[in-house]
Amino acid sequence: QIQLVQSGPELKKPGESVKISCKASGYTFTDYAMHWVKQAPGKGLKWMGWINTYTGKPTYADDFKGRFVFSLEASASTANLQISNLKNEDTATYFCARRSSRIGFDYWGQGVMVTVSS
Amino acid sequence: DIQVTQSPSSLLASLGERVTITCQTSQSISNNLNWYQQKPGQAPMLLIYYATSLQTGMTSRFSGQYSGRSFTLTITSLEPEDIANYFCLQHYSAPYTFGAGTKLELK
């Protein structure tokens, strides 16, 4: 069955970096784009951007340009999100989500809680 | 950016009750809106895609309708396993935007 399994929770200090992963299984990884979504505590969901899993080209939403990097380990069917120079406001749960051209966002990872605290 | 206004933000309902949640978009998106159910600590689960199509494997208690810029998710007869958060997502144009969510609780 189709699954997106994300890495475990992270506790980081301001200024540090974090890399979280999203491992896909049950389908051909390069056939579907992978999107990233942020959910800050008590806040709504915010779309961060996406990566073309065939070409590796990332596209970032305006609020996520600069410190955020989407990457792939295609041989491992894994998409990664790296955040550098972490700030308190990066404290959130980060989801990966597969996008199907036929359905839209269909499968989601379970989310990774990233806590930034000194 | 397309704004998505979801209501209500919270809802108390009884088992067997009919429940309706609404999303209104700031501009026309045709039928490019999906509905999701999210339980604490779990991945969001797709319920309805393209406004009216029931995702494979989802119970037919869930249905979606739309008219113009107004979209509704209906649960025909509330079951205990339906207690969750629900949100909508417009995937008509980037940046894709979400409703703020509805927390559905038992009365």
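Owing to the predicted nature of the structure, the values given are computational and were not obtained by experimental measurement. Protein chains get the first letters and strands the later ones, always in sequence-line order, with residue 1 at the start of each.
A:V69 and A:I20 fall within a single hydrophobic cluster, where Ile, Leu, Val, Met, Phe, Trp and Tyr are joined by side-chain heavy atoms under 4.5 Å apart, directly or via other members. Grouping the Ile, Leu, Val, Met, Phe, Trp and Tyr side chains by contacts below 4.5 angstrom, directly or via other members, places B:Y50 with B:Y36. Taken together through direct or relayed side-chain contacts under 4.5 Å among Ile, Leu, Val, Met, Phe, Trp and Tyr, A:Y27 and A:W108 form parts of separate hydrophobic clusters. B:L54 is connected to B:I75 through a chain of hydrophobic side-chain contacts under 4.5 Å among Ile, Leu, Val, Met, Phe, Trp and Tyr, so both are in one cluster. By the rule that hydrophobic residues join a cluster once side-chain heavy atoms approach within less than 4.5 Å of another member, B:L89 and B:I48 end up as members of separate clusters.
For the pair A:D106 (side chain) and B:L46 (backbone), a donor-acceptor distance under 3.5 Å is absent.
For chain B, the nearby parts of A:R102 are the backbone and the side chain; heavy atoms of each come within less than 4.5 Å. Looking at A:K43, neither its backbone nor its side chain comes within 4.5 Å of chain B, counting heavy atoms on both sides. Neither the backbone nor the side chain of A:Q3 comes within contact range of chain B; no heavy atom of the residue lies under 4.5 Å from a heavy atom of that chain.
Less than 6.0 angstrom separates the ring centroid of B:Y96 from the ring centroid of A:F105.
Scanning all heavy atoms of the two residues, the minimum distance from A:G109 to B:P44 falls at O-CD, 4.0 Å.
Atom OH of B:Y92 has 12 or fewer heavy atoms from other residues, nucleotides or ligands within 6.0 Å.
Per-residue heavy-atom pair counts under 4.5 Å with chain B were compared for A:H35, A:K46, A:R99, A:M48, and the maximum is reached by A:R99.
Every pair tested for side-chain hydrogen bond (donor to acceptor under 3.5 Å, both in side chains) that includes a residue from residues 9-32 of chain B fails, sequence neighbours excluded, so the list is empty.
Here the side chains of A:F95 and B:Q38 are in contact, with some heavy-atom distance below 4.5 Å.
In this structure, B:N85 CG and A:L45 CG are separated by 10.0 Å, a value rounded to the nearest 0.5 Å.
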